[in-house]
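Per chain, numbering begins at 1; letters A, B, ... match sequence-line order.
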Amino acid sequence: MGETHQMGREIAKAYEPQQIEPQWADFWVKEELFKADPNAPGPVFSIVIPPPNITGSLHIGHMLEHTEIDILTRWHRMLGYNTLYLPGTDHAGISTQRVVVKHLMDRGIDYHTLGREEFEKQVWKWKAEAGSEITRQMKGIGESCDWSRERFTLSPEMSRVVREVFVRLYEEGLIYREKRLVNWCPVCLTVLSDLEVVHEERQGHLWYIKYPVVGTKEFLVVATTRPETMLGDTALAVNPEDERYTHLVGKKALLPLMNREIPIIADAMVDREFGTGAVKITPAHDPNDFEVGRRHKLAEIDVMTDDGKMGAPAGAYAGMDRFEARKKIVEDLKALGLLEKITEHTNAVGLCERSKTIVEPRASTQWFCKMKPLAEPAIAAVERGEIQIVPDNRREEYFNWMRNIRDWTLSRQLWWGHRIPAWYCNENKHVTVAREKPGKCATCGSANLEQDPDVLDTWFSSGLWPFSTLGWPEETADFKKYYPTSLLITGYDILFFWVARMIMMGIHFTGKVPFRAAYLHSLVRTGSGEKMSKSKGTGLDPVALNQQYGTDAMRFCLASMAAPGTDIVLSEDKLASARNFANKIWNAARFLFLNLDKFEEGGAKLEELATPEARAKAPYAYQGSVPLVDQWLYSRLASTIELVNDALTNYRFHEAAQGVYQFFWGDFCDWYIEWVKPDLQSADREQATIVWKNLFAAFDDALRLLHPFMPFLTEELWHQLPQRSGGKSIALDTFPTARKAWAQEKIVDAVDIFTQIQGVITALRNIRAEMRLDAKKKVPAQFWSTAELIRNRVRIESDAITRLAVLSELKISPAALGQVGGSVRSTAQFDVRIAYSDTVDATAEKARLKKEIEGLEKAIASKERQLGDETFRSRAPEKIIKGLEATLAGQRIELQKLKDRLSQLEKGS
RNA sequence: AGGCCCGUAGCUCAGUUGGUUAGAGCGCUACCUUGACACGGUAGAGGUCUGGGGUUCGAGUCCCCACGGGCCUACCA
C-alpha cells in the first residue's frame, strides 16, 4: 500500500479472530448489555439455559446448543423483543460426587473418613475453584446471557423451591416412601431411576437347574440367566394352565445348595413357552418375582451387599463377588448333578449410566413420586399444541413414554444434592415431611428427630428450572413477565430425563406450561457415527477449535449443518470453510474502508447514513434512477432477509446460515462489489458517492443480518463503521427489514434482466475458458437478442459486461449471429460469440455441443411426452402446464441453435 | 419385543404440503498472484437419488418388501 491516492482507512488484510474476540466478550459482560428488564416494552422472548453440569467444561454439544440458543436470542433482541437468556449451572449429583471423590482420592483422601459435612464443604470448595469453568467459557464465546440472573440448582434459593415442591407433592399424596424393587448400582452405591439404567444386548447363558420336589423322585427344572440369585429363591412358579405341572402345584421343592424348602405356586405371569415353563421366584432380585412374591406373600431375601458381593443370607457364598458366586454355584450344581444343561442366550443387561456397572435389582425402601397424575395434563398440553415439540417425530416418543410412565425413584444414597426434607423420630420411626427442620415429630411429638440421609435425584431440581429460576413461588416481576418461557432448546437425549419432567412439574405447580416450544437439537457425532465424547477421547475440543478458527466460524459452521432431526458430523475442513467466510466478510469491509474517501470527498457525514430514516432510503438513485445492479442486489437482500426470518422461525438454522452465505459471498462479493468497482473510481463525484452509499447501506444491512450468527466479527466491523451514533452495540441495533419497495414489479423485471446479463457474462467467460484464451487478453465479442429490452440493457451495461468478461468490445449485432468463426453460446433469449478462430478446438467444441444437444433432447422429449398426454393436461394444475410449455419453447429454440452450430462445424471440418 | 431415523456427486450433507434439465461445502480439473480477500477469482467435470414392487398424469419426495447403518423404549426368567 502507501499509494498517495489511497485515502481510505485500512484494516488488517486477514481476519484474526484471536485479536478481536476477547475484547468484545469482555465488553458484552462488563457493559451488562444483555441484562433483561421486565418493565421494558416489546413482546417477550425468554429462554432458560439447560444448565450444564458444574463438573463439565464446554464440549461440542454445548457449543451447538448454545449457538442455537444465542442465535435465536440475538435475533429476537434485534427484532425488538424484550429478551431474557437466563444462564446457570446444575449441581449434577452423581457426576459431581464421583468427580470430587476421585479428586480427593488422588490426594490420598478417602471421602468416607471426612464425614458428610466436611465432604460437602469440599465439594463447594471444588465448585468455587473448578466449577465456574463452564460459565467462564460461556462468557468467552460471547453468549448473550443476562449474567445478573445466573442460577445454580443447589443454591439456597433453589433449595427452598425444591423443599416447597417436595412438601406439596407429599401432602398431595404423590410422593411416598415404600419398599420396592429398584435399580442398585454397586459402584455408585446408590439407587437409580429407570432412566439412569442403560440397556445393552449381551451374549449370556440360560442355566437349567433341577429342583428336587419334596416327597417325590421328581425334579422341577427351571431356566435362569442368573443362577446366583437362586440363593434368595422363596418359591418356584408355573402357569396355572400348564397341565405338565398341575400335579406339582402346592407341593414343596428343595432349594439346592441352601437346602431350604420352598413352595411350588401357580401364577399367570409365567410364560409356558419360555424355558421349561417353570420359573424360580427371587422376590428380592427381580422385578417380576417381586410382584409375584407380593401376590403370594413370599419372603424377600436380599442375598447381596451394597457393593455387589454375596451377603450373609448367601450362606457359604457370603463374601464372594456376585459373578464369582455365579461360577461357583454353577460348578457346585454340576457336581451335585442338578444342572441339566446350559444354552446360549442373549439378553439385555442394565448398566449404570455413569459407572457402566451391571445394575442389581434389589428390594429396597426409597422415596418415589407417582407420575400418572402428573403425566396426564402434560400429555394433554402437548396434544392441544400448547407446547410444540420440534421436530415433531419426537412428539410421538414423548407420548409413548408419558403414556407408559412409571413411578419415579427420587431418593439417592449420596451426599451431594438436595437433602430429602423428611425427618424420622428415633422412638417410633414416624415420618415428618416439612419445609424447614421441624421441632418435633408430627405424629408423636418426639423431639428426637433425624433427617433422612438421602438426597434427591438431580433431575428433580432440574425439573423445576423454568420457574424456580424466575422466583416462583413468589409472583415476582420476572416470573410474571418471563414465565412461561418462550422456548426450550436441548438435546433429544434428555427428552424424558428433563423436558418431560419440566412439563409435568411446570403445569402442576404454576398451572401453565413451562415453555411454548421445545426444540430438540441434533447430537454432534464423530465420523464413525458415535456421539462425541470427551471421556472416550472422540470429541473435538470446541475451545481449542474456537481459538484456532474463531468462535464465529465455529458458530456459523454448526448453524449451517444444524438441520432439524439430523445429527451432525463436524470436521475441520468444514470449520476452515466457515473461517474463510468470516475472512471474506472482513475483506469486503476492508474494501469498503479503502474506498471511504469516495464518500468523504462528497462532504457528507457518515453518521447520517446509519439512522433508520437513512437506512430506509437506500438504494439511492443516480441520475433519476436506481442502478440496475442495485435493484438486483437489494431485491436479493430483501429475499434473503425474508428467508432468514422464515428459517429461524422454524428452527431451520442451516437454511438461514446457507442463505446468508449465498447472499454475501455469491451475490454481494462475487457480483455486486465486482460490478461497482469502477464506478467507485468515477470522476463524477456524485456518482462515486452514490455508489459508495449504496454499497455501504447493503453492507450495513448484511452485517446486522449476520450478527446473530457471527457476533464477534460483526460487532467489530460495526464499531469500525462510522455509525456508532445509534448505540453501544450492533447487538442492540435493529435487524434489517425486507423493504417492500424492493419487491415491486418494476424491480422484479430488473432482477430478471440482470440475471440474464449475468448469463451473458458467464457465457462469454465460458467461451474464453474453453478456448483457453489468456485470462488477461481482451477480445472482441458479439451479442444478439430478439428481445429489445435486453438489447437495450446490454447496451447500457456494456462497460460492466466487457470488463467482467475481459472483452475489448461487445458489439450488439444487428441480426442473428452468423455461424462463422469463433465460439458461440446460445440460450433461448440471446447468443454471444467470441471470434478468435485460430484457437478454436473444433473437436472439443463439437463434443461439447453434442453433449448439450443430447441433454436438451432428453429434456425436450420428456416434456413433449408429458404435454402430449391428455390425462396430464386434464389433471395437472394450469401453472405447471404453462411453465412446462414456456420452458419447452425456450429449449426448442436453444436446441435448434445448437444443432445449426454443430452442422456448421461439421461442414467446416 | 415394540418404535423411530438414515441410505442422494469421491467425502460430509441439504432437498418444507409429489410438479419444469436434483443442490451446497470440501475435494478434483484447467486457467489466473487482477489495487478487498490465494482463508482468493474464473470456468468446468462429477449423482438418476441402496435394490425391488406399488399408488399417481407425474415420485429423491407417498405406500409395501428386502438389504445395509444408527438410535430409543422395554420387568420375558
State plainly whether the residues [X] and [Y] are in salt-bridge range, i.e. N to O under 4.0 Å.
X       : Y       : value
E360(A) : R226(A) : yes
R848(A) : E852(A) : yes
R202(A) : E200(A) : yes
E397(A) : R394(A) : yes
D289(A) : K280(A) : no
K850(A) : E854(A) : no
R892(A) : E864(A) : yes

Using the [atom1] atoms only, state how far [M] lies from [N], rounded to an integer number of Å.
N       : M       : atom1 : answer
rC26(B) : rA66(B) : P     : 41 Å
rG18(B) : rC63(B) : P     : 11 Å
rA24(B) : rG47(B) : C1'   : 14 Å
rG60(B) : rU50(B) : C1'   : 12 Å
rU20(B) : rG58(B) : C1'   : 11 Å

Specify the separation, in whole Å, of atom [atom1] of [X] and atom [atom2] of [N].
X       : N       : atom1 : atom2 : result
E854(A) : rU21(B) : CD    : P     : 16 Å
D670(A) : rC32(B) : CG    : C1'   : 15 Å
Q662(A) : rG15(B) : CD    : P     : 17 Å
F581(A) : rC26(B) : CZ    : P     : 12 Å
I494(A) : rU73(B) : CD1   : P     : 13 Å
R394(A) : rC71(B) : CZ    : P     : 13 Å
I880(A) : rG58(B) : CD1   : P     : 15 Å
R590(A) : rG40(B) : CZ    : C1'   : 12 Å

Hey, does [X] reach any base, or is it just sugar-phosphate, or nothing, if we go heavy atoms under 4.0 Å?
X       : answer
Q866(A) : base
A576(A) : nothing
K777(A) : nothing
F290(A) : nothing
H345(A) : sugar-phosphate
L206(A) : nothing
D271(A) : base
N347(A) : sugar-phosphate
G883(A) : base
E655(A) : base
P877(A) : base
E870(A) : nothing
S571(A) : nothing
T282(A) : nothing

Side chain of [X] - closest among [options]:
X       : options                   : answer
R652(A) : rU21(B), rA14(B), rG15(B) : rG15(B)
W665(A) : rA14(B), rG41(B), rC4(B)  : rG41(B)
I673(A) : rA36(B), rG46(B), rU33(B) : rA36(B)
L195(A) : rA36(B), rU73(B), rU20(B) : rU73(B)
C669(A) : rA36(B), rC39(B), rU20(B) : rA36(B)

Think [X] has a side-chain N or O under 4.0 angstrom from the OP1 or OP2 of [N]?
X       : N       : answer
N583(A) : rG40(B) : no
T762(A) : rU42(B) : no
K882(A) : rU20(B) : no
R579(A) : rC39(B) : no
R768(A) : rC32(B) : no
K677(A) : rC37(B) : no
K863(A) : rU21(B) : yes
K13(A)  : rC37(B) : yes
T566(A) : rA14(B) : yes
N404(A) : rA74(B) : no

Kindly say whether, by distance alone, the side chain of E674(A) makes a donor-acceptor pair under 3.5 Å with the base of rA36(B)?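 Flag set: donor-acceptor pair detected.
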Does the rU20(B) base have a donor-acceptor partner in the side chain of E885(A) within less than 3.5 Å?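 Checked by distance alone, the answer is no.
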Report yes or no: is the cationic atom of R590(A) (NZ for Lys, CZ for Arg) closer than 6.0 Å to the six-membered ring centre of F593(A), at no more than 45° off its axis?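 Because its charged atom misses either the 6.0 Å distance or the 45° angle limit, R590(A) does not stack over F593(A).
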Tell me the partner of [N], counting only Watson-Crick (N1-N3 plus N6-O4 or O6-N4) or G-U wobble (N1-O2 and O6-N3) with both under 3.5 Å; none if nothing fits.
N       : result
rG23(B) : rC13(B)
rU73(B) : rA1(B)
rG68(B) : rC6(B)
rG60(B) : none

Tell me whether the centres of the aromatic rings in H345(A) and F274(A) are closer together than 6.0 Å.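 Yes.
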